[in-house]
Amino acid sequence: NEPIGEAGAPNPDVQVYNFNYGYLPVGTPTLDVNVIIKLTGHTFLPDLNIVVTAPNGATADVFTLTGCTGAEWPMDCIFDDEGAGNLIQCVQLNAGGARLQSIVAPGASSPTVLNILDGTNASGVWKVTVTDGFLGDDGIVETVGLEVSVNLPQILPSDGCCFDNLTYIDSE
């Protein structure tokens with residue numbers, strides 16, 4: 001038997017995705033945070049919740065709504081405070097990777113949800129937690145990503161080798 005949660009539904013399915021930005025110097029302030037999500041085949045979006053957690057423990061709930069039921073509503077977007085807002089249809093979540101504002105219950109776009117993470121220390125492990133409030137529900141999380149913008153000098157790639165130029169001759 002599966003354990004039953006408070007509302008009579010099985011305990012939620014929780015997936016935590018870690019993004020290690022520990023290579024950034026400690027104390028580097030975060031300028032902007034965006035969440036990349038692509039999922040398909042989920043028929044009841046109100047039981048999905050997506051939360052970002054900064055290394056210092058600050059959280060931003062980027063997806064919570066009460067509608068979008070009765071059909072498979074794919075999501076393919078980047079939740080970004082500077083993204084498009086005023087979403088009024090569930091089908092708009094399948095945006096082909098476009099930038100949309102976070103969705104807060106009951107399902108309204110919000111241009112300020114991720115702002116709580118601006119200014120926090122960017123160095124460390126960031127987490128994106130995707131919770132399905134009903135265990136055994138269908139759906140596939142295809143992509144989860146995180147964009148953390150900081151202001152640091154550009155790092156120029158190098159091969160760590162002493163050769164500046166390589167030449168070769170190819171013959172058949």
Side-chain angles (χ1 to χ4, degrees), residues 5 7 9-24 30-120 122-152:
N11 286 333
D13 181 23
V14 178
Q15 298 294 320
V16 178
Y17 301 87
N18 294 316
F19 298 89
N20 189 350
Y21 287 85
Y23 58 87
L24 296 173
T30 302
L31 300 178
D32 192 36
V33 176
N34 303 315
V35 179
I36 303 162
I37 186 78
K38 182 175 183 181
L39 64 89
T40 56
H42 197 279
T43 58
F44 195 76
L45 291 184
D47 66 2
L48 279 180
N49 186 250
I50 302 171
V51 175
V52 179
T53 306
N56 70 354
T59 62
D61 189 345
V62 298
F63 184 79
T64 303
L65 60 90
T66 57
C68 300
T69 63
E72 292 188 355
W73 300 106
M75 293 174 59
D76 183 6
C77 62
I78 299 173
F79 288 115
D80 179 347
D81 286 343
E82 292 79 35
N86 300 318
L87 301 179
I88 57 171
Q89 296 180 349
C90 303
V91 70
Q92 290 175 290
L93 293 169
N94 191 17
R99 294 176 183 276
L100 306 175
Q101 292 174 0
S102 298
I103 309 295
V104 296
S109 301
S110 173
T112 60
V113 169
L114 288 164
N115 287 347
I116 193 168
L117 304 174
D118 294 352
T120 63
S123 180
V125 177
W126 290 74
K127 297 179 183 186
V128 176
T129 304
V130 179
T131 304
D132 183 345
F134 190 83
L135 186 64
D137 203 355
D138 62 351
I140 298 169
V141 176
E142 295 182 17
T143 304
V144 173
L146 191 66
E147 297 175 344
V148 176
S149 299
V150 296
N151 185 11
L152 290 174

> Among all residues two or more places apart in sequence or in another chain, which pass the side-chain contact (heavy atoms from CB on, under 4.5 Å) test with P111?
Replying inline: Q101
>> Could you tell me if the side chain of M75 sits less than 4.5 Å from the side chain of L45, heavy atoms only?
In response: yes
>> Nearest 0.5 angstrom please: L65 CG to C90 SG, how far?
In response: 7.0 Å
>> For A122 versus P55, what's the shortest heavy-atom pair and its separation?
In response: O-CG, 4.2 Å
>> Run the salt bridge (Lys or Arg N to Asp or Glu O under 4.0 Å) test against E147 and tell me which residues pass, sequence neighbours left out.
In response: R99
>> Show, in sequence, the C-alpha distance, side-chain angles and deciding distance for F19 and V52, and conclude whether the side chain to side chain contact (heavy atoms under 4.5 Å, CB included) test is met.
In response: CA-CA 11 Å; F19 298 89; V52 179; over 6 Å; no
>> Testing the basics here: between T59 and I116, what is the closest heavy-atom pair and its distance to 0.1 Å?
In response: O-CG2, 3.6 Å
>> Distance check, rounded to the nearest 0.5 Å: L146 atom CG versus I78 atom CD1?
In response: 11.0 Å
> To the nearest 0.5 Å, how far apart are CG in N49 and OG1 in T129?
Replying inline: 9.0 Å
>> What verdict does the side chain to side chain contact (heavy atoms under 4.5 Å, CB included) test give for T30 and W126, after you've listed the backbone C-alpha separation in whole Å, the side-chain angles of each residue and the deciding distance to 0.1 Å?
In response: CA-CA 12 Å; T30 302; W126 290 74; 3.5 Å; yes
> Can you name the residues that form a side-chain hydrogen bond (donor to acceptor under 3.5 Å, both in side chains) with T40, not counting sequence neighbours?
Replying inline: E142
>> If the condition is side-chain hydrogen bond (donor to acceptor under 3.5 Å, both in side chains), which residues does D81 pass it with, not counting sequence neighbours?
In response: none
> Between atom CZ of F63 and atom OG1 of T131, what is the distance when rounded to the nearest 0.5 Å?
Replying inline: 12.0 Å
> Measuring from Y17:OH to I50:CD1, what's the distance to the nearest 0.5 Å?
Replying inline: 9.5 Å
>> Applying side-chain contact (heavy atoms from CB on, under 4.5 Å), can you list everything that pairs with N18, at least two apart in sequence or on another chain?
In response: V16, V125, K127
> Residues two or more places apart in sequence or in another chain: which of them pass side-chain hydrogen bond (donor to acceptor under 3.5 Å, both in side chains) with D32?
Replying inline: N34
> When you measure from the side chain of S123 to the backbone N and O of L24, does any donor-acceptor pair fall under 3.5 Å?
Replying inline: yes
>> Could you check whether any side-chain heavy atom of P74 comes within less than 4.5 Å of a side-chain heavy atom of L93, counting everything from C-beta outward?
In response: no
>> Using the rule side chain to side chain contact (heavy atoms under 4.5 Å, CB included), only one of V35, V51, T53 pairs with V128; which is it?
In response: V35
>> S110 and side chain to side chain contact (heavy atoms under 4.5 Å, CB included): which single residue from V62, V104, N115, D61 fits?
In response: V104
> Does the T66 side chain pair with the main chain of P106, one donor and one acceptor, at a distance under 3.5 Å?
Replying inline: yes
> Roughly how far, to the nearest 0.5 Å, is CD1 of I103 from CZ of F79?
Replying inline: 5.5 Å
